[in-house]
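As the structure lists them, so they are numbered: ligands from 1, and atoms in each ligand from 1. These numbers come from a predicted model, not from an experiment.
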Amino acid sequence: MSREKPKNLWLSRWGFVLAATGSAVGLGNIWKFPYITGEYGGGAFVLMYLACILAIGIPVMITEIALGRRGRGSPLDAIGRVVRENNGNPAWKAVGGMAMLAGFMILCFYVVVAGWAFAYTWKMLDGSLAAPSVEALGAVFESHNANPWALGGWSVLVALLTLLIVGKGVQAGVERAFRWMMPGLAVMLLVLVGYSFSNGSFGEGVAFLFTFDASKLSGEALLAALGHAFFTLSLASGAILTYGSYIPDGQSIARTTFIVAIADTCVALLAGLAIFPVIFANGMDPSAGPGLIFMSLPLAFQQMPFGTAFGVLFFAMVSVAALTSAISMIEAVVAYLNEKHGLSRPRGAALAGAVLLVISLLAMLSFNVGADWKLFGMTLFDGLDYLTSRWMMPLGGILMAILAGYCLRDGIMRDELGLSAGGYALWLFMVRYVSPVMIMLVFLHALGWLGFDPLVRWYWVLGAIGTLAVLGELLRPGMQRARVRA
Ligand code: PFF
């Protein structure tokens with residue numbers, strides 16, 4: 001079977017890069033990265049996260065984009081087509097289905113956090129953040145969350161804006177918005193880092209972020225670092241695969257992936273460098289949780305010249321960054337409803353939006369009236385985040401790596417990726433052995449089935465990768481014969 005014809009393509013050469021960076025750079029970088037780094041104790045976590053980006057995130061992202069472009073469609077259909085092209089088992093489509101579900105589940109709590117960013121843009125303007133201390137700002141954050149009408153109102157606003165944009169079609173809007181947004185955000189973060197450098201406890205912040213302390217490497221922290229690598233690059237949640245399906249043939253997937261991953265990592269590290277010095281200078285606890293940036297940054301804004309204007313602009317930028325990520329989470333579902341069930345984009349967005357509004361409002365209640373509604377000790381908000389980041393996305397990643405590394409005919413990915421012989425061999429080695437082994441080890445460790453820290457005993461990791469490499473090479477010819485017979 002020949003490759004699929006594209007139905008939709010990005011307008012310009014930079015279309016995919018802009019949109020994928022728009023998807024990747026968001027609350028994950030500016031809100032989640034600092035707060036989980038604070039919770040898991042700093043440097044060791046950051047190093048694990050960077051290792052996961054390099055060894056798992058980048059190879060999986062290359063794979064996911066290639067699957068999208070080869071199959072040209074929503075995750076479920078694209079994977080289905082690629083598998084059909086190989087006479088493979090159609091059950092692989094479930095990976096696409098799980099990715100779409102993960103993206104949608106993320107969106108259900110993401111709109112609540114994006115609502116915080118929107119609300120704080122307004123609060124900067126109306127003076128309610130002119131509080132003298134971190135404690136006072138903490139109280140502002142708590143009272144905002146205690147009011148379900150305010151919190152719900154902002155979440156609904158974000159959800160409606162997202163649906164409106166997705167309903168209209170992403171390409172034009174996202175491409176245009178991104179030309180000015182990304183440079184703007186980068187400049188503002190640099191200014192904030194400059195402020196932290198001259199006014200915050202910069203040395204302490206840097207030491208916290210980059211000092212490696214092996215005693216902080218718990219299984220829980222490893223799982224969080226792995227999950228965050230997936231979350232921050234928008235992997236295995238439908239977004240990147242669907243955006244990848246709009247890339248014209250001939251554009252280099254690997255180069256594009258590196259640009260997106262580097263931009264994303266830089267934004268996260270800049271956010272960390274901007275925030276932690278302010279936190280230490282004000283005697284704040286870095287493990288304060290999800291409110292971390294909302295309790296610390298407004299204090300910095302108060303103390304800088306033109307701070308109010310800067311703060312408004314900053315939170316506005318974060319809001320836009322959140323919006324471009326939110327859009328990408330639901331794009332896969334809308335594309336699927338359009339392709340499979342013939343629903344127009346506005347109708348698809350409306351249908352998905354109805355479900356989104358119900359679940360996101362329930363997630364919003366986790367901060368007030370529903371704070372005690374818990375399952376396995378987690379509120380709905382925490383549960384959605386935990387299930388998607390820690391389990392669904394890495395599981396999707398491992399399955400996509402196995403699909404591309406072991407089950408597809410050799411020529412398909414080679415053709416799609418268009419890499420040099422060395423580059424292709426490296427990618428293949430990563431998706432066959434390194435990424436799946438590392439994800440498996442982190443899973444096993446998190447489940448308590450490994451009685452030691454696999455990454456401290458690094459020789460276990462190398463041993464496992466080596467064993468799998470040998471086994472894989474021995475078993476693969478058999479697996480491929482079986483596929484040809486099927
Ligand atoms: N990468 C986004 C962020 O860091 O904020 C979050 C995200 C977007 C996750 C899109 C999943 C997704 F499909």
(request) Would you mind checking if E64 and R69 are paired as a salt bridge, meaning a charged N to carboxylate O distance below 4.0 Å? (result)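 Looking at R69 and E64, the cut-off is not met.
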For [X], take its heavy atoms, then give the atoms of ligand 1 lying under 4.0 Å from any of them.
X    : result
L27  : 5 (O)
A24  : 1 (N), 2 (C), 3 (C), 4 (O)
T232 : 1 (N), 4 (O)
A239 : 13 (F)
G28  : 3 (C), 4 (O), 5 (O)

(request) Scan F141, W116, W154 and name whichever one has a ring pair (Phe, Tyr, Trp, His ring centres under 6.0 Å) with F367. (result)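 Looking at F141, W116, W154, the match for F367 under the ring pair (Phe, Tyr, Trp, His ring centres under 6.0 Å) is W116.
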(request) Determine, stepwise, if the pair I62 / W427 fulfils side-chain contact (heavy atoms from CB on, under 4.5 Å). (result) CA-CA 8 Å; I62 292 179; W427 166 82; 3.8 Å; yes
(message) Centroid separation under 6.0 Å, is that true for the rings of W122 and F315?
(response)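 Not close enough - the centres of the two rings lie 6.0 Å or further apart.
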(request) Run down the list F231, W31, F104, F33 and name the one with the heavy atom closest to atom 1 (N) of ligand 1. (result)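 Minimum heavy-atom distance to atom 1 (N) of ligand 1 goes to F231.
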Heavy-atom contact under 4.0 Å between [X] and ligand 1?
X    : result
Y110 : yes
S23  : yes
S328 : yes

(message) ring pair (Phe, Tyr, Trp, His ring centres under 6.0 Å) for F208 and F280? Distances and angles first, verdict last.
(response) CA-CA 10 Å; F208 181 74; F280 290 118; 5.4 Å; yes
(message) Could you identify the single nearest non-hydrogen protein atom to atom 8 (C) of ligand 1 and state the distance to 0.1 Å?
(response)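 Sorting protein heavy atoms by distance from atom 8 (C) of ligand 1 puts S234 OG, 3.2 Å first.
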(request) Provide, to 0.1 Å, the distance between atom 13 (F) of ligand 1 and the closest protein heavy atom, together with that atom's residue and name. (result)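 Nearest neighbour among protein heavy atoms for atom 13 (F) of ligand 1, to 0.1 Å: S237 OG, 2.7 Å.
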(message) Less than 6.0 angstrom from the centroid, inside 45 degrees of the normal: does K216 satisfy that with respect to the ring of F45?
(response)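 No - K216 does not lie over the ring of F45 by the 6.0 Å and 45° rule.
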(request) For the residue pair S366 and K374, confirm or rule out a side-chain donor-acceptor distance under 3.5 Å. (result)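 No - no donor-acceptor pair under 3.5 Å links their side chains.
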(message) As a test of understanding, state which of L395, V60, I53 forms a side chain to side chain contact (heavy atoms under 4.5 Å, CB included) with F230.
(response)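 Checked L395, V60, I53 against F230; only one passes side chain to side chain contact (heavy atoms under 4.5 Å, CB included): V60.
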